[in-house]
Amino acid sequence: AKLLDQMCRGACGLIGSRQCALAVRDPAKGSPTQHASRGVPNDVAARLADADLHHGVLGAVVAGRRPTRRLFEPGDGRVPGLPEGYPAVRSLLAAPIASPHTVYGWICLTNKLGAEAFTDEDEQLLSLLGELVGRGYESGSLYLKMKRHAAEQVESLSWRLVEAQESERRQLSRELHDRVGQNLTALA
């Protein structure tokens, strides 16, 4: 969540926009959507968790694995894919958050600061950020998977070690019992 918040803040500052929203989900896990935003009212930002990553303008970004830039006329209303109550949108730039293997979600900037529309350079920067976050998200997921696997292996090896120690103790106990018995028989 912290990385996603930093991504929004960084994208707004780097490219220059009033708002940023992003949503990601690990499709392999069927996990809930994680989200972050900047310049968006808290109650509206909370509804990003319910974002359908395959709906509207932003769903097209995910499905096509391509960025998009749009200009909207005043009064066009709500942008499909953004929650109701999202600030009025004049210009929009969105890019997929993806690794080479998987699309995890989207990042969307709205309302370019100091200009009417986002530029080609803005699109290239946001696309690069989306790729970097996608690779980071994938690497983080892989790291957590490997960490869980390593913990399972350590637990399994611990149980095997305990079982081996118990078996060795039983064997040693039998040998001592047998030797003591033989020695007592010999003394008698």
Side-chain angles (χ1 to χ4, degrees), residues 1-40 44-73 76-113 115-146:
K2 201 174 199 180
L3 173 66
L4 299 180
D5 287 336
Q6 288 175 343
M7 170 73 172
C8 272
R9 185 176 42 247
C12 278
L14 180 66
I15 296 172
S17 70
R18 292 193 191 288
Q19 296 91 17
C20 176
L22 64 83
V24 294
R25 177 179 348 173
D26 187 342
K29 296 179 184 175
S31 63
T33 302
Q34 295 180 39
H35 68 281
S37 64
R38 181 149 181 95
V40 178
V44 175
R47 289 195 296 271
L48 285 168
D50 301 326
D52 179 356
L53 298 182
H54 304 288
H55 176 71
V57 173
L58 302 171
V61 168
V62 170
R65 292 184 70 117
R66 304 183 83 138
T68 190
R69 280 186 285 168
R70 302 267 176 98
L71 279 176
F72 297 90
E73 294 297 323
D76 273 355
R78 193 165 86 76
V79 175
L82 290 174
E84 192 162 325
Y86 194 90
V89 175
R90 174 71 180 121
S91 57
L92 176 141
L93 171 62
I97 294 176
S99 72
H101 313 297
T102 306
V103 178
Y104 294 101
W106 48 257
I107 179 166
C108 174
L109 299 177
T110 53
N111 302 318
K112 174 75 172 165
L113 292 173
E116 187 172 317
F118 292 97
T119 65
D120 289 341
E121 184 179 288
D122 295 336
E123 185 176 315
Q124 289 172 347
L125 279 172
L126 191 63
S127 293
L128 180 59
L129 285 172
E131 278 183 43
L132 292 172
V133 170
R135 287 175 190 243
Y137 191 80
E138 189 167 89
S139 294
S141 296
L142 181 59
Y143 168 76
L144 292 175
K145 181 180 175 182
M146 297 300 284

For this session: Answer yes or no: are there more than 12 heavy-atom neighbours, outside Arg18 itself, under 6.0 Å from its atom CZ?
Result: no

Looking at [atom1] of [X] and [atom2] of [Y], how far apart are the two atoms once the value is rounded to the nearest 0.5 Å?
X      : Y      : atom1 : atom2 : value
Ser127 : Leu93  : OG    : CG    : 7.0 Å
Arg66  : Glu123 : CZ    : CD    : 9.0 Å
Ile107 : Leu129 : CD1   : CG    : 6.5 Å
Ser91  : Leu71  : OG    : CG    : 6.5 Å
Thr68  : Leu92  : OG1   : CG    : 7.0 Å
Tyr104 : Ile97  : OH    : CD1   : 11.5 Å

For this session: May I ask you to test the Pro100-Arg135 pair for a side-chain heavy-atom distance under 4.5 Å?
Result: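 Yes, side chains in contact.
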
Problem set entry | Flag side-chain contact, heavy atom, 4.5 Å: Ile15 against Lys112 |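 Counting from C-beta outward, Ile15 and Lys112 do come under 4.5 Å.
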
Exercise. Under 3.5 Å, side chain of Asn111 to main-chain N/O of Ser17, donor-acceptor pair present?
Worked result: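 Here the side-chain-to-backbone pair does not exist.
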
Problem set entry | Heavy-atom donor-acceptor pair, His35 side chain to Val24 backbone, under 3.5 Å |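 No: the side chain of His35 does not pair with the backbone of Val24.
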
Minimum heavy-atom separation for [X] and [Y], please, with both atom names.
X     : Y      : value
Ala21 : Trp106 : O-CZ3, 3.3 Å
Cys12 : Cys20  : SG-CB, 3.4 Å
Val44 : Gly85  : CG2-O, 3.4 Å
Ala36 : Asp5   : CB-OD1, 3.3 Å

Exercise. Checking side chain to side chain contact (heavy atoms under 4.5 Å, CB included) for the pair Arg38/Gln19: CA distance, chi angles, key distance, verdict?
Worked result: CA-CA 5 Å; Arg38 181 149 181 95; Gln19 296 91 17; over 6 Å; no

For this session: Show your reasoning for whether side chain to side chain contact (heavy atoms under 4.5 Å, CB included) applies to Leu22 and Cys8.
Result: CA-CA 7 Å; Leu22 64 83; Cys8 272; 3.8 Å; yes

For this session: Apply side chain to side chain contact (heavy atoms under 4.5 Å, CB included) to the pair Phe118 and Leu109, showing each step before the final yes or no.
Result: CA-CA 9 Å; Phe118 292 97; Leu109 299 177; 3.9 Å; yes

Exercise. side-chain contact (heavy atoms from CB on, under 4.5 Å) with Pro96: which of Leu126, Val61, Val62?
Worked result: Val61

Exercise. Going through the distances and angles, do Arg69 and Asp120 end up as a salt bridge (charged side-chain N to carboxylate O under 4.0 Å, His left out)?
Worked result: CA-CA 9 Å; Arg69 280 186 285 168; Asp120 289 341; 2.3 Å; yes

Problem set entry | Arg47 and Glu84 ion-paired at < 4.0 Å |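 Not counted as a salt bridge, because no side-chain N and carboxylate O are separated by less than 4.0 Å.
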
